[in-house]
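Everything on this sheet refers to the single structure shown next.
Just so we're on the same page: letters track the sequence lines, and every chain starts at 1. The shown structure was predicted, so the numbers you read here are calculated from the model rather than taken from an experiment. Atom set for the values below is all heavy atoms of this structure, side chains included, hydrogens, waters and symmetry mates excluded.
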There are 2 protein chains.
Amino acid sequence: MRIIQFSKSTSYALHALVRLARSEPGVNVGIKELSASLGIPESYLSKVMSKLRQDGLVRAVTGASGGYELARSPEKISFLDVIQVIEGRQHLYECFHTDAQRPSKPQCLIHQVMDGAEERLLQYLREHTIQWVLDRRKEHEPIV
Amino acid sequence: MRIIQFSKSTSYALHALVRLARSEPGVNVGIKELSASLGIPESYLSKVMSKLRQDGLVRAVTGASGGYELARSPEKISFLDVIQVIEGRQHLYECFHTDAQRPSKPQCLIHQVMDGAEERLLQYLREHTIQWVLDRRKEHEPIV
DNA sequence: CAATAATGGACATTACAGGTCTATAATAGT
DNA sequence: ACTATTATAGACCTGTAATGTCCATTATTG
Ligand code: SF4
Ligand code: SF4
């Protein structure tokens, strides 16, 4: 029974992005500082950051005094963006019937309910951005 | 990167319950008939049905001319009920920080967004029942 | 008693999340 | 040019969960 739960990778990505959004633009944050301040294994986080770069959410600079920074402004990065980069774009529900076994052309009712539920979820995640977090963040909090 | 998707077991359970809801109350439907009409492996479906019984969604009768029937009326069985029986009641988001590492008492903001998203999802699933499917079901459709 | 049907346990298979380590490439400062 | 620093990509390992099969047991009907 597959677990309906976001992966740690997604959580790591979200925390890292908030952390990056907190630093001045133009300042690179290294993986060491990132992993230390968030409490995430360094080598694993580097994998996650690499994925974020490949999908255009952050920019990376190699070499001394290199590191990461956001590729676009925090209000342009939604939770949904992050989740879809890490988890992929699979649907919440998938038919177990093949096309041949499928009763009839338009979607069956169970499918309709599940897709409706998914849309509610995605809509909420689309409406909430990294900037949303920054706006409500208290300065004294170490992370978020 | 854990897949955010309902398990096949959940899908099987939903289809089986709709199938049971279609038959007259008091008539038991056997696992053979169920699995055949839905196109689900018999021995695996029996596991799923067993779980549904343990959690009070269906009643089972062993022995000759035994089988399954709904334990309550279809409008009292929501999609959320079924999903929570099969998938468990884990939250969509879970902190990777331990209590000791946790920044401060009330929930952090990332957590708040994720919980908000979860609530939208659950609310939708709570509002849709097996009866909802029956009401919209066309008589000639073999399954739903 | 015999046929039927659900139950529970054991077991196999596959996939993947989470994590570590290393060699390589790129960059900044000396 | 050399060196220290840093991201990148790949190989690799481990545990666990999902899906599925099979069998022995138990309960029920006729
Ligand atoms: S939604 Fe329709 S096609 Fe998909 S699994 Fe259910 S009955 Fe089959
Ligand atoms: S929500 Fe707060 S406690 Fe939970 S993982 Fe994020 S920073 Fe840590």
### A/K51 NZ to C/dC16 P, straight-line distance once rounded to whole Å
12 Å
### Query
Is there a side-chain hydrogen bond (donor to acceptor under 3.5 Å, both in side chains) between B/S35 and B/Y44 once you walk through the steps?
CA-CA 9 Å; B/S35 65; B/Y44 191 63; over 6 Å; no
#### Entry: Test item: B/T129 and B/I77 side chains (from C-beta on) under 4.5 Å apart, heavy atoms
no
### Task
Please report, rounded to the nearest Å, how far the C1' atom of C/dA6 is from the CG atom of B/L34.
12 Å
### Task
With A/V85 as reference, evaluate A/V48, A/L80, A/D55 under the side chain to side chain contact (heavy atoms under 4.5 Å, CB included) test and give the passing residue.
A/D55
### Query
Can you name the side-chain contact (heavy atoms from CB on, under 4.5 Å) partners of B/D135, sequence neighbours left out?
B/Q131
#### Entry: For atom CD1 of A/I4 and atom P of D/dA17, their distance in whole Å
15 Å
### Task
Give the rounded distance in Å between these two atoms: CE of B/M49 and C1' of C/dG8.
16 Å
### Task
May I ask you to say what B/F6 touches in the nucleic acid, namely base, sugar-phosphate or nothing, with a heavy-atom cut-off under 4.0 Å?
nothing
### Message
Does anything in residues 61-81 of chain A form a salt bridge (charged side-chain N to carboxylate O under 4.0 Å, His left out)? List the pairs, not counting sequence neighbours.
### Response
A/R59-A/E69, A/R72-A/D81
### Query
Reckon B/F96 touches a base, only the sugar-phosphate, or nothing at all at heavy-atom distances under 4.0 Å?
nothing
### Task
Would you kindly give the CG-to-P distance between B/L45 and C/dT7, to the nearest whole Å?
11 Å
### Pairs where residues 17-34 of chain B contributes a residue and the test salt bridge (charged side-chain N to carboxylate O under 4.0 Å, His left out) is met, not counting sequence neighbours
B/R19-B/E33
#### Entry: Distance in angstrom units between A/I31 CD1 and D/dA9 C1', rounded
14 Å
### Summary
For residues 88-97 of chain B, the salt bridge (charged side-chain N to carboxylate O under 4.0 Å, His left out) pairs (sequence neighbours left out) are none
### Query
Does B/Q54 put a side-chain nitrogen or oxygen below 4.0 Å from OP1 or OP2 of C/dT7?
no
### Task
List in numerical order all residues of residues 56-72 of chain B for which some heavy atom is under 4.0 Å away from an atom belonging to DNA chain D.
B/T62, B/G63, B/A64, B/S65
Between N or O atoms, less than 3.5 Å apart, protein on one side and nucleotides 20-22 of chain C on the other: list the pairs.
from, atom 1, to, atom 2, distance (Å)
C/dT20, O4, A/K47, NZ, 3.0

### Query
If you pin B/S50 and B/K32 to their nearest nucleotides in DNA chain C, which one's is more 5'?
B/K32
### Message
Using OP1 and OP2 only, check whether a side-chain N or O of A/R53 sits under 4.0 Å from D/dT6.
### Response
no
### Heavy-atom side-chain contact between B/Y68 and B/S23 under 4.5 Å
no
### Message
If only side-chain N and O atoms count, and only distance matters, is there a donor-acceptor pair under 3.5 Å linking B/R120 with B/Q123?
### Response
no
### Task
Figure out the CD/P separation between B/E33 and C/dA6, and round it to whole Å.
10 Å
### Task
Would you mind reading off the distance between B/Q90 atom CD and D/dT16 atom C1', rounded to a whole angstrom?
13 Å
